[in-house]
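As structure tokens, the structure follows; a few thoughts come after it.
Order of the sequence lines fixes the chain letters, A, B, ..., with proteins taken first and strands second; residue numbering starts at 1 for each chain.
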Protein chains: 2
Amino acid sequence: MSDQLSSTFAALADPTRRAILARLAEGEATVNELAEPFEMSLPAISKHLKVLERAGLISRGRNAQWRPCQLEAAPLAEAADWVETYRRFWDTSFDRLDAHLRSLQDQNIQRED
Amino acid sequence: MSDQLSSTFAALADPTRRAILARLAEGEATVNELAEPFEMSLPAISKHLKVLERAGLISRGRNAQWRPCQLEAAPLAEAADWVETYRRFWDTSFDRLDAHLRSLQDQNIQRED
DNA sequence: TGGTTAATTAACTAGTTGGTGAACTATAGG
DNA sequence: CCTATAGTTCACCAACTAGTTAATTAACCA
């Protein structure tokens, strides 16, 4: 379970961690600021942040005794890519996208000629 | 961890389960067919399938002594929606969209004056 | 120097996960 | 009825997860 996709999905599987990411989407925050909405001890939040950091979903700076956290969305791009490959199984409009992609591919093939 | 999004992400966090979904994207398969590529006991696969089923990612039919599995992508749509809300943090072309939205908002503010 | 605030680390616990082998259920077919 | 095939359930185990409280580290401030 050490590949990037696995640790990303594992990190996202916890609602507290998703809420932390949602908060960070509004901008940097300190650990105490992130902990504030939760009825949970600070060490528990610290652990969640470590999970997010090891999954590459956040980075942490340093400002005096504060350790501001910042969203790092790159792993989400990979997760989105993975999920997108299944879009045709739920999105009926995929037919149009699929046709569009195939026509693009056709154009590339023509250029290669 | 019992909400839909959590159980979906938790199910996707295991590479064996993601591989099973990839196989099912090619069409229905029995448990033994799904187990074949893995160096893992049948009960282990059975457990993975149960996780996928409880997350709503697969459904199971009945055909004599076979229990054919089928991909059910609806939960993936929800997961995709969630991830998409973060697209602007990795997709640079979102900057243009974001700027566009902000300029629209500015126009609205001006109208309110 | 000593006190306060911010955050992490340590030690522990309860519950979950991912795997095993052995036993069991269910259906098909001679 | 017996046997083979398909799959699940059971009992167990090791590793991991998510939380706790208490102790520790780090930086600021008076």
Rounded distance [0.5 Å steps], [atom1] in [X] versus [atom2] in [Y]:
| X | Y | atom1 | atom2 | value |
| --- | --- | --- | --- | --- |
| B/E28 | B/N63 | CD | CG | 8.5 Å |
| B/L12 | B/R17 | CG | CZ | 8.5 Å |
| B/L52 | B/L24 | CG | CG | 8.0 Å |
| A/T8 | A/L76 | OG1 | CG | 7.0 Å |

Any side-chain heavy atom of B/R60 sitting closer than 4.5 Å to one from B/L49?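 In contact.
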
Does a side-chain heavy-atom distance below 4.5 Å link B/E78 with B/L5?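 SC-SC contact between B/E78 and B/L5 confirmed.
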
So, is B/R62 close to the C/dA26 phosphate, meaning a side-chain N or O under 4.0 Å from OP1 or OP2? no

Quick one: is A/N32 getting a side-chain N or O under 4.0 Å of the C/dA7 phosphate, OP1 or OP2?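 For C/dA7, OP1/OP2 do have a side-chain N/O of A/N32 under 4.0 Å.
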
In whole Å, I'd like the distance from the CG atom of B/D14 to the P atom of D/dC16.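 In whole Å, D/dC16 P and B/D14 CG are 14 Å from each other.
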
I need the CG-P distance between A/N63 and D/dC28, as an integer number of Å. 9 Å

What residues in residues 36-47 of chain B put a non-hydrogen atom under 4.0 Å from any atom of DNA chain C?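 B/M40, B/S41, B/P43, B/A44, B/K47 - these, ordered by number, are the residues of the stretch whose heavy atoms sit under 4.0 Å from the strand.
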
Could you identify which residues of residues 48-61 of chain A place a heavy atom less than 4.0 Å from some atom of DNA chain C, listed by residue number, or say none?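 By residue number: A/K50, A/R60.
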
If Ile, Leu, Val, Met, Phe, Trp and Tyr residues are connected whenever their side-chain heavy atoms lie under 4.5 Å apart, and connections chain through other members, are A/I20 and A/W66 in the same group?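 No, A/I20 does not connect to A/W66 through the hydrophobic network.
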
Same cluster or not: A/V51 versus B/F9, using hydrophobic residues (I, L, V, M, F, W, Y) connected whenever any side-chain heavy atoms lie under 4.5 Å apart? no

Run the salt bridge (Lys or Arg N to Asp or Glu O under 4.0 Å) check on B/R18 and A/D3 step by step: do they pass? CA-CA 12 Å; B/R18 288 199 306 277; A/D3 61 301; 2.8 Å; yes

How far apart are the closest heavy atoms of A/R67 and A/V31, and which atoms are they?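 Heavy atoms only, the tightest pair is O-CG2, 4.1 Å.
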
Please give me the minimum heavy-atom distance between A/R88 and B/A25, naming the atom from each residue. NH2-O, 3.6 Å

Difference in axis direction between the ends of the helix from C/dT1-D/dA30 to C/dG30-D/dC1, five pairs, 10°: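 Here the local axes at opposite ends form an angle of 10°.
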
Using a heavy-atom cut-off of under 4.0 Å over every strand shown, decide if A/T16 touches base, sugar-phosphate, or nothing.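 No contact.
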
Quick one: which of D/dA6, D/dA27, C/dG18 gets closest to the side chain of A/Q65?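 Among the listed nucleotides, the one closest to the side chain of A/Q65 is D/dA27.
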
Taking the side chain of A/R67 as heavy atoms from C-beta outward, which of D/dC28, C/dT27, C/dA7 is closest to it? C/dA7

